[in-house]
Each structure stands twice: as structure tokens, then as C-alpha cells.
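Right, one structure below, let's go through it.
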Number of protein chains: 2
Amino acid sequence: MSEEKEITIYDIAKHLNISPTTVSRGLKDHPTINIKTRKKIAEAARQLGYRSNTFASSLRSKRTQTLGVIVPRLNSSFMSSVLAGMENAASREGYNLIIAQSLEQADKEMENVLTMFNKRVDGLLVSLAHSSENVRHFDMFFNKKIPVIFFDRVAPHPDSTSIIIDNFTAAYQVTRHLIMQGHKRIMHLGGNMLLNVYSERLRGYKQALQDHKLHFDEKLVITGNLTEECGTDTAKQLLKLKPKDRPEAVFSANDTAAVYCMIALKNAGINIPEDIAFAGFNNDPISRVIEPNLTTVNYPGYNMGQAAVTSLANHLNGDTNITNTNTIVLRSELIIRASSGKRK
Amino acid sequence: MSEEKEITIYDIAKHLNISPTTVSRGLKDHPTINIKTRKKIAEAARQLGYRSNTFASSLRSKRTQTLGVIVPRLNSSFMSSVLAGMENAASREGYNLIIAQSLEQADKEMENVLTMFNKRVDGLLVSLAHSSENVRHFDMFFNKKIPVIFFDRVAPHPDSTSIIIDNFTAAYQVTRHLIMQGHKRIMHLGGNMLLNVYSERLRGYKQALQDHKLHFDEKLVITGNLTEECGTDTAKQLLKLKPKDRPEAVFSANDTAAVYCMIALKNAGINIPEDIAFAGFNNDPISRVIEPNLTTVNYPGYNMGQAAVTSLANHLNGDTNITNTNTIVLRSELIIRASSGKRK
DNA sequence: ATAAAAAATACAACCGATTGTATTTTTTAC
DNA sequence: GTAAAAAATACAATCGGTTGTATTTTTTAT
């Protein structure tokens, strides 16, 4: 049963004493091949353990049944959900995923794009790196009309579709919720404002303040990289202030920073939410472990991954044409937990 | 700038008036090609908008520069670290990753194996599904001498290498630590004992008890799927017992179950570690958020991913021969935190 | 200056399937 | 029975790199 050598159509041809052409056509049920011959070929193929060589055939055809995925980092709770959803949909649609990470670096992202291009992926799914200031490195895809879908961290481009949540509205709702809970001086801890996700959240925050006649104070907006350290540092800043100068609530653009900020404040004896309320973004697992549990926005990563791949696959199958679709907005939801409770 | 026709090495050759062979070798920095020629080729390639045709290349070289990865689930903290490490190493070694998840189902795993086989991956990296009772479905790889590396959830096989941590010793250390803290009746919350990782941890637990002259009580071993729910359920069981019958400490085979068990117990007014101490496994982010912080074992996922890919790549490059390597054991470490403190 | 060694480049076969065209075989029509 | 039409099969070029070996060019040694 051990097969040392790869079986080719030539082996089948020799075995049946017919030509390779007939075998090739027979294997794909070409109508000019006698039906009895086709049966014999199929039988021989199975018997000999033949498997088609996709490279040889792809040399001509164009499709690889492979999708490229480029993400900033693989190891975040959100991204791993996205990938799980993508893999699930891809598997269902008969595609494979080639995955690469940009590590937030624009040059690595460019490199990844090139690799995907050379690998002849049928389509590309991208969440942009921090340092990607434009999307010109995707032009090779656009020029060749290979579909590109941006998700989460997107950039507007006429030839591509974006899949996002409504960050503006989500942030608006978070902020409004905090306001409704009686908090007036609300701080926003945001990310890199060059990225749509963070700038939109800031915009939602501002709009909510304005709509509720609250003064927008520039000093209450801090931007950082939203890591653990960033959260801890923010806590340090807060602790330097006199208690009465401290904001009454903090709306962080992600859960990680919120949680580590909370931990540091709690260690300093500050009560949450009585002294300072908190809200985050993403609905990471840690948001349900921190005490008090963190109010946050559920970010449908799994669905986003599925949606992205499904759209792409439909486009490639010709079922729908994605070039007419500019943006797909997924539903997110505010999850209210104890951290955003009322003031004492 | 729009390129209708694909540029090939023949076009570059003609353009520079040299042979296609030289172009081919020049493009991959073959040392026998003059460095000035290489530069000229690279320049011409960029100018003409050349992209390598991987099909043609794979057809001839029989190598796809692609590694297959099959994991139970993509969206866990540990697995996403592993993948990040794998991607990092793969990128460095010039390989791409095709990733699929088995969702813990043996039949899905078999399907994935077949896909990877037909995609002609150069090697396979696998963490086994819960329900995989044997590894016969990998025989097509073994027969063809395509290297397979198992990591984390492994099965012994003469033709493959396993990359693991020393689960036995790690569990031994956790248990010993709990004993040293003064805990005597220690419960073990374990996973599917058909999997090496969980059976080894149980073994380490037992051995530590024995070495410290503690009686092993079968009733103190519970097995489950180690999910949040499993943790919560375990807490319910514990709460049903009379306080004096409760174990003094719980050693859970992962952090998720430990943390959710702790949360449920805390909600019921039980103090940790004064009433019951806890220790987990994996060093998930949640272990540093739960209060008290969870004593656990740091599981070097990122390193494991890197090590797996690096070994595979070295083997494929012929640098080392992996068939002589049975097992690679990575260092793990006990991380002592407050949850395993002394009894009141 | 010349032979030997090393470096650089070229030749040509090859990987395995596809496809337009040619050839052979079978069927149909008269 | 024979020519024309239809069906079935075969030939040979092709896709675009790769690679062992041969050839040419350059460098080194004597």
C-alpha cells in the first residue's frame, strides 16, 4: 500500500494502453470520450491511487481556491475569533486560507501582499497595520481585479469592500450610557487616530457629549497603544490628580487597557464604579473576569470573519458582484455590566 | 501601468539578453550568479512587473513552500500564540501557512488532512482533536515521507516528532507547591484522559501526592471539557458538599475552568485561597485578572509554534533530520500567585 | 605566457496536465 | 460496398520555472 512514486495521467495511460490526452479528458468527463473508456479510466485512477496535480493544472487555469489573510497580529482574542470564523466559512465554501501577520508594520504588510500576490490567491482579506498610511501597496491586486476585502481596520478604496462595525454609533452608545448613569466628566482612552476604528470611536464619544450638552475637554482624551502597560500608565496619571480633578468615568477603546487601568486603580484603593466608572470595547474574555465586570461593546469577530469570506466567495463564484458593495456593517451591541454603575 | 500579459523569466531573459536559467537563479540569489547580474535581474523584474508563478515552480521543484497547520480551535489564547509563533518562524524561513481547524472532531480532522495532502504541503503541523483516537489518517503522509510534527496534543508515532512541554513534571510541581502551602486534600480537575496532555498532568498530580505520603482519592479527580461551564459546574458540585468535606485546594488542568470555578465560589461567599486554594494551567490572560491572581503554569505557546516550524523547516532544508528526533520538550514554569496561598 | 582552477552563464530536459489539431475508428447514408 | 459524416482517440506544443551538466569566461598559480 506504500506509494513511493506519484501516479500521473501518464501512468494511467500506460496502464490502460491509451493516450494521456484521453485520460485527461476522461477524468473530467469530457463528452468526446467514450463513456466506457471514462469508466475504465476512473477505475484505474482509483486503483493506482492517482491524485491530480493541482500545480500542473493551475499552470493554465487561474484559480487556486486559496484566500490570503493579512492581519496585524494573530494572537489577540478578537483576531483569533475572526480567523476561526473565516476558516469556518472558507472550509464550507471550498477555499483554503493562507494567513500572514504584519506585526503592525507597513513594510511587513507590503511583503505579505507580495507573497499573496505571487501565491496567486483568488482574493485577499486584510485588516490594516497601524503604520499603513495608504493602501497603494494593494494596487497590484486592484490592477488585476483580484478582489480585496478590508475588515475592521479599513481604508476607503473604490475597488474594495469594507466590513466593519459602526464604531461611531457603538462609541456613542457607550458614552451615552455613561452619561445616563450620571457621569459627567468622561475620559476617553483612545488608540491611533489614523485608524478608522479609533477615530470613529472618538467621534462617537464627542457627539454623545455634545448631544447631551456636555463640554468636550481635550485634556480628557488620551491616546496610546492600548496595551496593558498603556492601561497601567493611564492609571498612574489618574492617581497623580487630586481626587476631585479625576474624571468620573473612563471609556477605553479596548478592554485590555480598561482592565489593566482598573486593576492599578483598585490596587490604589479606588472603588469602581463608585469613584470612577469604566467602559471598554471588544468584549474580551478578561472583561468578564475583572471585578466589577466591564461594560463593553460586543465585537462580532467570528461573524466578521465569516461575513468577509462569504462575501468574497460569493463574488468569486459570480453569485454576487462585490464591486458594487462599498461597505458591510455588522451589528455590535453594548453590554452593560457592573463597571459602569452609578456614582456614589 | 496596467499589465495585460504576465511577465515570465523568459521576458526578463530576453530583455537583458541572458538565459532564462540565469534569471531563475538570479532571482533566488543563487551564489553562482554574479552579484551584479543579480542586481540587474532584480531591477528588470521590478521594472517589468514580474511575479513568480508558483505553480510552475512547484510543479518542477515538487515543493510548495507551504506548511499545513491543523488545530482543534483557532480561537483560544494558547492557540493564537502558537500560530503567531508559527507564522513568525514560517515567514522567516520562507514558508506560508495553510491553517485549518478540526473543531475537536476526528472526521473534520481527517478531511483537513486530505486537503493538506492534495494541496501538497511540504510538511504538516498538528495538534490533535479530542475525538481522534488514532493517527492512522496521517498514514498518507507517513507513507510518502512527508514530515508531520505533532505539538501539544500529540500521539506517539515512529515517523513523527512531538513538541510538548513536560506536563508530568509541571503538574508535579503545581501539586507539590499546593502541598507545600499546607493543602492536603487536593482536587484535580482534568480533561479528556485519552489526550497526553491531560493524562500526563494527572500522572504528575498522583506522583506528587504519593511522594508526599498523601492518599490518592479517586473521588477527588473530576474530568470534564474544561470550559467555562465546566468550571461553573464544578463549583456547584463543591458547594453541594459540606464545608468540611470540601477539598482544600483545586488543581485545574486549565485556567479557564479554574477561573470560572473561582468566580462561582466567590459569588457563594467562599474565600480564595483561605477556604479553597486554586492552581490552573496555561497562564492565560484571565489568570492575571481574576482575584486573587491564579497560580498557573506558563505554557510557551509562541515558542512552541516557532520551535515546531523551525524544526520542520530545518528538516526540509536538510539541515537536520527530524526522523531521528522523537520528542522536543520545551521549558515551562510554575508561576506562583495569590490563589494558592496558605490556608487560614 | 599558459595551464589549471574557479566563477559565471547557457543548454536542454523535465515537472504533469491541457488543448488545438490531426489521425484513426466507427457509424450512417445512399 | 463505398464515400461522407460523426465519434473517438492520439499527437505534440504549451504553461513557466527548475536543475544537472556542459560550456564559456574570468581568475589564479606557476
Side-chain angles (χ1 to χ4, degrees), chain A residues 3-42 44-45 48-65 114-115 117-120 144, chain B residues 3-42 44-45 48-66 94 117-122 144 146 316-318:
Chain A
E3 304 145 46
E4 272 313 297
K5 198 184 148 277
E6 210 49 75
I7 302 296
T8 72
I9 56 169
Y10 297 95
D11 298 316
I12 299 178
K14 209 173 295 172
H15 186 253
L16 294 177
N17 205 25
I18 56 179
S19 84
T21 310
T22 307
V23 176
S24 172
R25 295 206 166 107
L27 281 171
K28 27 182 46 190
D29 276 335
H30 198 283
T32 70
I33 304 298
N34 190 308
I35 200 131
K36 288 182 83 174
T37 314
R38 281 188 243 171
K39 286 233 168 92
K40 266 195 297 186
I41 291 169
L48 298 175
Y50 167 81
R51 59 170 174 165
S52 155
N53 185 323
T54 48
F55 309 125
S57 66
S58 289
L59 248 187
R60 298 226 161 153
S61 68
K62 264 285 200 221
R63 297 184 64 164
T64 57
Q65 294 297 321
L114 189 60
T115 306
F117 189 63
N118 287 334
K119 279 270 168 182
R120 305 284 216 272
K144 278 224 184 323
Chain B
E3 306 145 43
E4 273 314 296
K5 198 186 149 278
E6 273 312 325
I7 301 296
T8 73
I9 56 168
Y10 298 93
D11 298 317
I12 298 177
K14 208 174 295 169
H15 185 253
L16 294 177
N17 204 27
I18 56 179
S19 83
T21 310
T22 306
V23 176
S24 172
R25 294 204 165 109
L27 282 171
K28 29 182 42 192
D29 275 334
H30 198 284
T32 71
I33 305 299
N34 190 308
I35 201 133
K36 287 182 87 175
T37 314
R38 280 188 244 171
K39 286 234 168 89
K40 265 195 297 186
I41 291 170
L48 297 175
Y50 167 80
R51 62 168 173 167
S52 144
N53 185 325
T54 50
F55 307 129
S57 159
S58 298
L59 177 57
R60 180 60 221 241
S61 65
K62 305 239 180 187
R63 292 183 68 172
T64 58
Q65 295 298 323
T66 302
F117 188 64
N118 286 333
K119 279 271 167 181
R120 306 282 218 272
V121 296
D122 291 340
K144 279 224 184 323
I146 303 169
L316 291 168
N317 295 337

Worksheet item: Between C:dA17, D:dG17, D:dA8, which nucleotide gets closest to the side-chain atoms of A:Ile9?
Response: C:dA17

Worksheet item: Among side-chain atoms of A:Thr21 and A:Ser24, is any donor-acceptor pair under 3.5 angstrom?
Response: no

Worksheet item: Mapping B:Lys62 and B:His30 onto DNA chain C by nearest heavy atom, which one lands closer to the 5' end?
Response: B:His30

Worksheet item: Rounded to whole angstrom units, what separation is found between the CD atom of A:Glu6 and the C1' atom of C:dA17?
Response: 13 Å

Item to complete: Take atom CG of A:Asn53 and atom P of D:dT14, then tell me their distance rounded to the nearest Å.
Response: 21 Å

Fill in: Between B:Ser57 and B:Thr54: side-chain donor-acceptor atoms closer than 3.5 Å
no

Item to complete: Decide yes or no on side-chain contact (heavy atoms from CB on, under 4.5 Å) for A:Phe55 and B:Arg60, but give the supporting numbers first.
Response: CA-CA 9 Å; A:Phe55 309 125; B:Arg60 180 60 221 241; over 6 Å; no

Worksheet entry | Nucleotide C:dA8, atom C1' - distance to NZ of B:Lys40 in whole Å | 12 Å

Worksheet entry | Gap between atoms CG and P, on A:Asn17 and D:dC11 respectively (whole Å) | 11 Å

Worksheet item: Rounded to the Å, how far apart are B:Ile33 CD1 and C:dC11 P?
Response: 13 Å

Fill in: Short side-chain N/O contact to D:dG17 OP1/OP2 from B:Lys28, under 4.0 Å
no

Response to the item:
Atom CG of B:Asp11 and atom P of D:dC15 are separated, to the nearest Å, by 11 Å

Worksheet item: Can you tell which of C:dG16, C:dA10, D:dG17 lies closest to the side chain of B:Ile18?
Response: C:dA10

Discussion item. Is it the case that the base of D:dG20 and the side chain of B:Arg25 share a donor-acceptor contact (distance under 3.5 Å, atom types as modelled)?
Written reply: yes

Worksheet, complete the sentence: Sorted by position of nearest nucleotide on DNA chain C, 5' first, the leading residue of B:Ser61 and B:Arg38 is B:Arg38

Worksheet item: If only side-chain N and O atoms of A:Ser24 are considered, is one of them under 4.0 Å from the OP1 or OP2 phosphate oxygen of C:dA17?
Response: no

Response to the item:
note: B:Leu59, atom CG; C:dC14, atom C1'; distance rounded to Å ~ 9 Å

Discussion item. Looking at A:Glu6 and B:Lys62, is there a salt bridge between them, counting it only when a charged N and a carboxylate O are closer than 4.0 Å?
Written reply: no

Worksheet item: Hey, does the side chain of A:Thr37 come within less than 4.0 Å of D:dT9's phosphate (OP1/OP2), counting only N and O?
Response: yes

Fill in: Closest non-hydrogen atom pair between B:Asp122 and B:Thr64, with its separation
OD1-N, 2.9 Å

Practice prompt. Go through C:dA10, C:dA17, D:dG16 for me and flag the one nearest to the B:Ser19 side chain.
Written response: C:dA10

Item to complete: Return no unless some side-chain N or O of B:Lys36 is found under 4.0 Å from OP1 or OP2 of C:dA8.
Response: no

Worksheet entry | Position toward the 5' end of DNA chain D (nearest nucleotide), B:Thr21 or A:Ile35 | A:Ile35

Worksheet item: What integer distance in Å separates B:Leu16:CG from C:dA10:C1'?
Response: 15 Å

Item to complete: Report yes if at least one side-chain N or O of A:Tyr10 is closer than 4.0 Å to OP1 or OP2 of C:dT18; otherwise report no.
Response: no

Worksheet item: Using a cut-off of 4.0 Å on non-hydrogen atoms, how would the nucleic acid contact of B:Ser57 be classed: base, sugar-phosphate, or nothing?
Response: sugar-phosphate

Worksheet item: Yes or no on side-chain contact (heavy atoms from CB on, under 4.5 Å) for A:His15 and A:Leu48, after CA distance, side-chain angles and deciding distance?
Response: CA-CA 9 Å; A:His15 186 253; A:Leu48 298 175; 4.2 Å; yes

Worksheet item: D:dA10, C:dC11, D:dT18: which one has an atom nearest the side-chain heavy atoms of A:Thr22?
Response: D:dA10

